[in-house]
Amino acid sequence: MAAEKQTRAFEAEVSQVLHLVTHSLYSHKDIFLRELISNASDACDKLRFAALSDASLTAADADLRIEIEFDKDARTLTIRDNGIGMSQGEVVENIGTIARSGTRKFLETLSGDARKDTQLIGQFGVGFYSAFIVADKVTLTTRKAGAPESDGVRWESSGTGEYTLETLDVAARGTTVTLHLKADEGEFLDGWKLRDLVKRYSDHVAFPIRLREDKDGKPDGEFETVNHAAALWTRPKAEISDEEYQAFYKSLTHDFNDALAWTHNRVEGSQSYTLLLYIPEKPPFDAVFSGRDERHGLKLYIRRVFIMDASEQLLPAYLRFVRGVVDSDDLPLNVSREILQDNRLVAQIRSACTKRVLDLLDKLAKDEPEKFKQFTAAFGNVLKEGIAEDGANRERIAKLLRFASTKSEGADKTVSLDDYVGRMQVGQDAIWYVTADSYLAAKNSPQIESLKARGIEVLLLGDRIDEWMVGYLHEYAGKKLRNAAKGDLDAVDGADAEARKQAEAASAPVVEKLAKVLGDAVEKVQVSHRLTDSPTCLVFGDYDMAPHMQRLLREAGHDVPASKPILEINPRNPLIQRFADETDEARSADLGHLLLEEAQLAAGDTLADPTAFIARVNRIALGT
Ligand code: ADP
């Protein structure tokens with residue numbers, strides 16, 4: 001019984017994505033088949049899982065499979081599965097809208113440069129819509145497993161602005177997608193071509209993919225299984241080629257790019273499981289990297305049956321970039337999220353996953369430096385969270401981090417803590433670093449001048465997360481990490497204490513004069529052993545929060561009590577001498593405040609009273 005056909009408009013964002021997909025992915029058009037087969041395979045996985053608690057769902061037809069057939073006369077290519085199917089509501093929800101929260105942001109990121117955008121769309125994952133690369137009309141007919149025949153749904157669209165929906169009788173459960181191929185896409189109406197594509201991109205799919213040979217162009221021939229039809233991870237490593245691993249990664253993640261690296265292990269012992277874990281080349285374009293809450297990409301199987309996406313249970317948050325499959329022999333099939341939360345077997349698998357990923361990263365760092373560099377650029381900042389989150393692996397994670405430093409060229413993060421420790425100077429007992437809002441600000445921090453002058457390497461930490469991270473990394477390889485802008489520098493640099501005392505005594509009058517001018521604005525004024533060029537800089541106590549950290553927290557709405565800075569002066573600097581020699585009271589006040597304000601600006605602070613600052617600079621410039 002066919003009900004009335006209704007026409008609905010796509011969400012504006014869907015239309016935009018569709019337009020982009022069809023126009024920019026043309027040179028990768030083959031992917032549509034992989035995407036549709038991957039959806040069909042997911043649908044079979046979902047049904048098998050649902051049948052665990054309701055066996056009647058598959059009773060009539062237990063052989064889950066995917067079928068492909070074509071009709072040369074009608075110019076149609078059909079991909080059919082007998083998986084879970086969809087209700088009308090689900091069709092509207094899944095195919096007519098884009099539920100992903102990052103879509104808007106994704107669209108805003110597009111540059112208009114076709115090559116770059118193609119990459120981005122790949123990272124975003126195009127899925128079902130890729131059908132419109134080769135088809136000018138797509139018909140999807142589906143019936144949810146367990147629903148009556150009369151609950152069938154037909155969805156149809158030419159991929160422009162709208163789609164039609166109608167209810168009709170559908171005899172078998174599952175989904176059939178029929179592509180009405182564009183005029184010049186005849187190559188997909190060919191058994192050899194299709195067989196080749198399935199072998200190349202979908203061989204690893206765990207369900208049989210059966211291709212129907214044509215008879216005089218009509219889909220009247222025999223069905224023949226064309227793929228391996230065994231879950232990839234269950235096969236011996238030696239039998240799996242890199243291409244197969246990559247093809248599996250792509251259909252698992254819908255990522256367009258290759259995986260950077262992977263690790264595949266079968267563990268047998270008190271419990272048995274298989275891990276196949278991938279590190280992507282680039283962060284995917286979705287919510288994973290805008291928030292820590294939404295995580296997906298690690299699929300839990302139990303004895304080959306897909307159970308659920310369980311990244312959160314199987315991986316710590318700082319490894320949320322990892323994608324892959326965990327297949328356990330021992331967990332109960334009726335496992336729930338709650339059980340996963342505190343299950344001893346799951347805890348073991350989780351720490352095994354962590355260890356395998358860290359091993360893989362070690363290996364990459366050692367054997368494939370270029371790839372490791374790519375990893376650092378893509379996920380280095382996520383990994384840093386592990387310093388705080390995973391105390392047990394802190395040293396291992398620290399070993400994998402890379403930083404910019406005063407002894408490496410540019411903002412490229414290439415220096416490891418091992419590199420640093422390996423070239424520490426005789427007598428140097430700390431790993432020095434400075435944190436700031438950016439690489440450039442860190443590089444130009446006045447606080448590191450004297451360390452630089454003495455040839456001591458300083459790590460330049462310019463990422464938002466760094467200040468927080470170093471709060472958890474007090475030591476590496478037995479060496480203390482020290483912030484160049486904090487605490488007492490002369491206590492550790494081994495310089496002549498007597499000479500310093502003398503210098504401080506000689507500068508006592510200017511210190512006192514400046515302290516008087518600045519009054520409450522600073523905690524105190526002192527002679528610096530950090531500066532060689534700049535006149536002044538701000539420093540903090542060992543346990544004070546760095547100024548840019550205070551700023552970050554304030555921006556995030558926290559109530560952070562303002563701690564007063566210590567102002568250090570460089571008595572050799574001509575501006576300090578000029579201030580010391582100034583006899584006019586008003587001009588002394590101007591110069592004194594300027595010295596503080598310069599230090600605040602160099603630290604990336606905003607000034608409390610910019611207008612007063614400008615007036616001061618003007619008075620000094622005019623010599624009034
Ligand atoms: P993704 O697969 O990345 O979620 P798609 O655009 O490919 O994105 O598909 C959107 C949703 O539509 C899927 O998540 C699934 O719920 C549903 N869907 C697509 N194809 C099928 C199918 N063959 N059977 C059942 N559901 C499907």
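In each ligand, atom 1 is the first atom listed, and ligand 1 is the first ligand listed.
- The salt bridge (charged side-chain N to carboxylate O under 4.0 Å, His left out) contacts involving residues 129-139 comprise nothing, where partners must be two or more places apart or lie in separate chains.
- Taking only nitrogen or oxygen atoms, main chain and side chain alike, Asp42 does not reach within less than 3.5 Å of ligand 1.
- Ion pairing of Glu156 with Arg154 is absent here, as no side-chain N (NZ or NE/NH1/NH2) approaches a carboxylate O to less than 4.0 Å.
- Considering only heavy atoms from C-beta on, Thr139 stays 4.5 Å or farther from Thr76 through its side chain.
- Here Thr274 pairs with Arg266 under the side-chain hydrogen bond (donor to acceptor under 3.5 Å, both in side chains) rule; sequence neighbours left out.
- Taking a 4.0 Å cut-off on heavy atoms, Lys46 registers as neighbouring ligand 1.
- Of the polar atoms of Tyr129, none of the N or O atoms is found under 3.5 Å from an N or O of ligand 1, judged by distance alone.
- Figure legend: cation-pi geometry between Lys250 and Tyr201 absent, as NZ or CZ is not positioned both under 6.0 Å from the six-membered ring centre and within 45° of its axis.
- Remark: among candidates Leu47, Asn39, Leu140, the nearest residue to atom 19 (C) of ligand 1 is Asn39, based on non-hydrogen atoms.
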Derivation of the salt bridge (charged side-chain N to carboxylate O under 4.0 Å, His left out) call for Asp196 and Arg200: CA-CA 6 Å; Asp196 179 56; Arg200 190 135 37 106; 2.8 Å; yes

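- Of the candidates Thr175, Thr253, Val177, it is Thr175 that places a heavy atom closest to atom 24 (N) of ligand 1.
- Ligand 1 has no N or O atom lying under 3.5 Å from any N or O atom of Gly85, backbone or side chain.
- Counting heavy atoms under 4.0 Å from ligand 1, residue Met86 touches it through the side chain alone.
- Of the candidates Ser41, Ala43, Ala40, Ala43 brings a heavy atom nearest to atom 25 (C) of ligand 1.
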